[in-house]
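For the single chain, residues carry numbers from 1 onward in sequence order. Values below: every heavy atom of this structure, side chains too, minus hydrogens, waters and symmetry copies.
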Amino acid sequence: MSEIIFSQGSGLNDSLFGKSQDPIKAVITDKAEEFERGSQIKNIFGMETSTRFAEKFTSETALDDFQNVGENGAYPKTGFQEGFSKTIEPATWKSSFEITREMLEDSQYPKVKKKATGFTQSYNRTREKYAASLLAGGVGTSMMFGGVKYDTTTADGKALFATDHPSKTKAGYVQSNIFKAADGFSVAAMDKMEEAMQSFCDDDGHLLSVMPDTIIIPNNAALKRSVIAAIDSQYDPESDKNAVNFQCGLWRVLVWNYLPKTIGGQPYWLMMDSQFKENYDCLPWVDRVKLTVRSYVDENTDANVWSGRARFGAGFNNWRCISIGGAGLNGTEL
């Protein structure tokens, strides 16, 4: 996203707007880079670029175990089976702003800069809000954003967070990645949720060695304090017997301001295996067309119009990299 493509209409360099083109480009670029440094999208989603109208993501089962075949035994024939698949089609996103002739004639440069800054913030904020809404909306099968309905199911057809993720190869075999913690976040609930994720299997029932290393939370003061105490205290923060806290130093915490503070009326947290997410295309974000900004003069109003267009989209393929827990969720009891 850091690269922005600029195009300029003919005659602008020779017009009243000519001197403003490069400064406006610089503001848009600088503000985009500044916002991106604090963005959580790249830390949570798997960033992909595409040259097609849509991208298909699939999963595969693990190979069967090695077999003891005895002396001079033949190699057993084992293989992968393709699991469920998910297709993500990037949407087209647009916006624009105008610089009037009067602004430049009257040397109102702070207003010009403010419009350019607002344009860039709007684009980045839209991406961030869309991504956060999609992730939080994963407790259901769809979510609404900007009046448009978006799919929040994974390749297996279930919501990203569900108690009954099915297997493609084993009838009746289901797994859960949504957990109800009656008392909210605690060290005990964290331990149990981590254990559940470490027990995730592929469609054939083979253990996948999921190792969650990231905790994602909304900007909730009490929850932040509880989570940091749980992962940074050398001793168990919920015991007065100096019990060693084995969770200390094992986690990265991402506080995402754009996430809703509660789900089901209660705080919540997410656990993610960041490496598994990348290796198995779990939460793909697809950038089809980078932000393309075009500058031209509107012959009807004499204003300098700056229009921006991009194509991007996201979705969920493999649920096994992430789980959610909280008191307000309808999930498996911790």
Evaluate the side-chain proximity of [Y] to [X]: yes if any heavy-atom separation is below 4.5 Å, no if none is.
{"X": "L160", "Y": "L135", "result": "yes"}
{"X": "C282", "Y": "I322", "result": "no"}
{"X": "N43", "Y": "T214", "result": "no"}
{"X": "F316", "Y": "K86", "result": "no"}
{"X": "F84", "Y": "D203", "result": "yes"}
{"X": "F185", "Y": "P267", "result": "no"}
{"X": "W306", "Y": "K115", "result": "no"}
{"X": "I99", "Y": "S20", "result": "no"}

Has the side chain of [X] got a donor or acceptor atom that lies under 3.5 Å from a matching backbone atom of [Y]?
{"X": "Q175", "Y": "C201", "answer": "yes"}
{"X": "N304", "Y": "Y296", "answer": "yes"}
{"X": "K42", "Y": "S39", "answer": "yes"}
{"X": "S226", "Y": "A222", "answer": "yes"}
{"X": "T152", "Y": "T141", "answer": "yes"}
{"X": "E278", "Y": "S274", "answer": "no"}
{"X": "K180", "Y": "T332", "answer": "no"}
{"X": "N318", "Y": "R320", "answer": "yes"}
{"X": "S142", "Y": "K149", "answer": "no"}

Subject >> Which residues share a side-chain hydrogen bond (donor to acceptor under 3.5 Å, both in side chains) with D30, sequence neighbours left out >> reply: none
To check you understand the geometry: which heavy-atom pair defines the closest contact between [X] and [Y], and what is its length?
{"X": "P218", "Y": "L223", "result": "CD-CD2, 4.0 Å"}
{"X": "A136", "Y": "I263", "result": "O-CD1, 4.1 Å"}
{"X": "G205", "Y": "K170", "result": "N-CD, 4.1 Å"}
{"X": "R309", "Y": "K94", "result": "CD-CE, 3.8 Å"}
{"X": "V187", "Y": "A230", "result": "CG2-CB, 3.9 Å"}
{"X": "I41", "Y": "A131", "result": "CG1-CB, 3.8 Å"}

Euclidean distance, [Y] [atom2] relative to [X] [atom1], rounded to 0.5 Å:
{"X": "L334", "Y": "E194", "atom1": "CG", "atom2": "CD", "answer": "12.0 Å"}
{"X": "I28", "Y": "F119", "atom1": "CD1", "atom2": "CZ", "answer": "5.5 Å"}
{"X": "N220", "Y": "T262", "atom1": "CG", "atom2": "OG1", "answer": "8.5 Å"}
{"X": "L259", "Y": "I44", "atom1": "CG", "atom2": "CD1", "answer": "6.5 Å"}
{"X": "L283", "Y": "M47", "atom1": "CG", "atom2": "CE", "answer": "11.5 Å"}
{"X": "W251", "Y": "M271", "atom1": "CH2", "atom2": "CE", "answer": "4.0 Å"}

Original post:
Would K192 and E195 count as a salt bridge (charged side-chain N to carboxylate O under 4.0 Å, His left out) if you check the C-alpha gap in whole Å, the side-chain angles of each, and the deciding distance to 0.1 Å?
Top reply: CA-CA 5 Å; K192 291 177 182 178; E195 179 187 2; over 6 Å; no
Is any side-chain N of the basic residue among [X] and [Y] closer than 4.0 Å to the acidic one's carboxylate O?
{"X": "K56", "Y": "D281", "value": "no"}
{"X": "D106", "Y": "K111", "value": "no"}
{"X": "K277", "Y": "D213", "value": "no"}
{"X": "R125", "Y": "E128", "value": "no"}

[atom1]/[X]: more than 12 non-hydrogen atoms of other groups inside 6.0 Å:
{"X": "K113", "atom1": "NZ", "answer": "no"}
{"X": "N330", "atom1": "CG", "answer": "no"}
{"X": "K114", "atom1": "NZ", "answer": "no"}

Subject >> I215/M190 under side chain to side chain contact (heavy atoms under 4.5 Å, CB included): CA gap, chis, key distance, verdict >> reply: CA-CA 10 Å; I215 295 177; M190 178 182 172; 3.8 Å; yes
**OP:** Go through the steps for T163 and K158 under the test side chain to side chain donor-acceptor pair (under 3.5 Å), then give the verdict.
**Re:** CA-CA 9 Å; T163 59; K158 299 293 183 179; over 6 Å; no
Original post:
Is the NZ or CZ atom of R127 both under 6.0 Å from the centre of the six-membered ring of F312 and within 45° of that ring's axis?
Top reply: yes
Shared hydrophobic cluster for [X] and [Y] (ILVMFWY, side-chain gaps under 4.5 Å):
{"X": "M272", "Y": "I228", "answer": "yes"}
{"X": "V227", "Y": "M197", "answer": "yes"}
{"X": "V293", "Y": "V305", "answer": "no"}
{"X": "M144", "Y": "L134", "answer": "no"}
{"X": "F35", "Y": "I4", "answer": "yes"}

**OP:** Could you give me the CA-CA distance, side-chain angles and deciding distance for I216 and Q40, then say whether side chain to side chain contact (heavy atoms under 4.5 Å, CB included) is met?
**Re:** CA-CA 10 Å; I216 306 162; Q40 297 290 9; over 6 Å; no
**OP:** Let me see the working for E48 and E55 under side chain to side chain contact (heavy atoms under 4.5 Å, CB included), right down to the final yes or no.
**Re:** CA-CA 9 Å; E48 306 278 348; E55 291 291 336; over 6 Å; no
**OP:** Give the ring-plane orientation class for W93 versus Y150, where under 30° counts as parallel, over 60° as perpendicular and anything between as tilted.
**Re:** parallel
Subject >> Aromatic ring pairing W285/Y130, orientation class (parallel under 30°, perpendicular over 60°, tilted between) >> reply: perpendicular
Original post:
Residues two or more places apart in sequence or in another chain: which of them pass side chain to side chain contact (heavy atoms under 4.5 Å, CB included) with E105?
Top reply: L16, R101, E102
Subject >> side chain to side chain contact (heavy atoms under 4.5 Å, CB included) partners for A54, two or more places apart >> reply: T87, E89
**OP:** Any chance you could lay out the ring pair (Phe, Tyr, Trp, His ring centres under 6.0 Å) test for W319 and F200, step after step, and finish with the verdict?
**Re:** CA-CA 10 Å; W319 56 269; F200 285 165; 4.9 Å; yes
Original post:
Please walk me through it: do C321 and Y280 pass side chain to side chain contact (heavy atoms under 4.5 Å, CB included)?
Top reply: CA-CA 8 Å; C321 76; Y280 291 88; over 6 Å; no
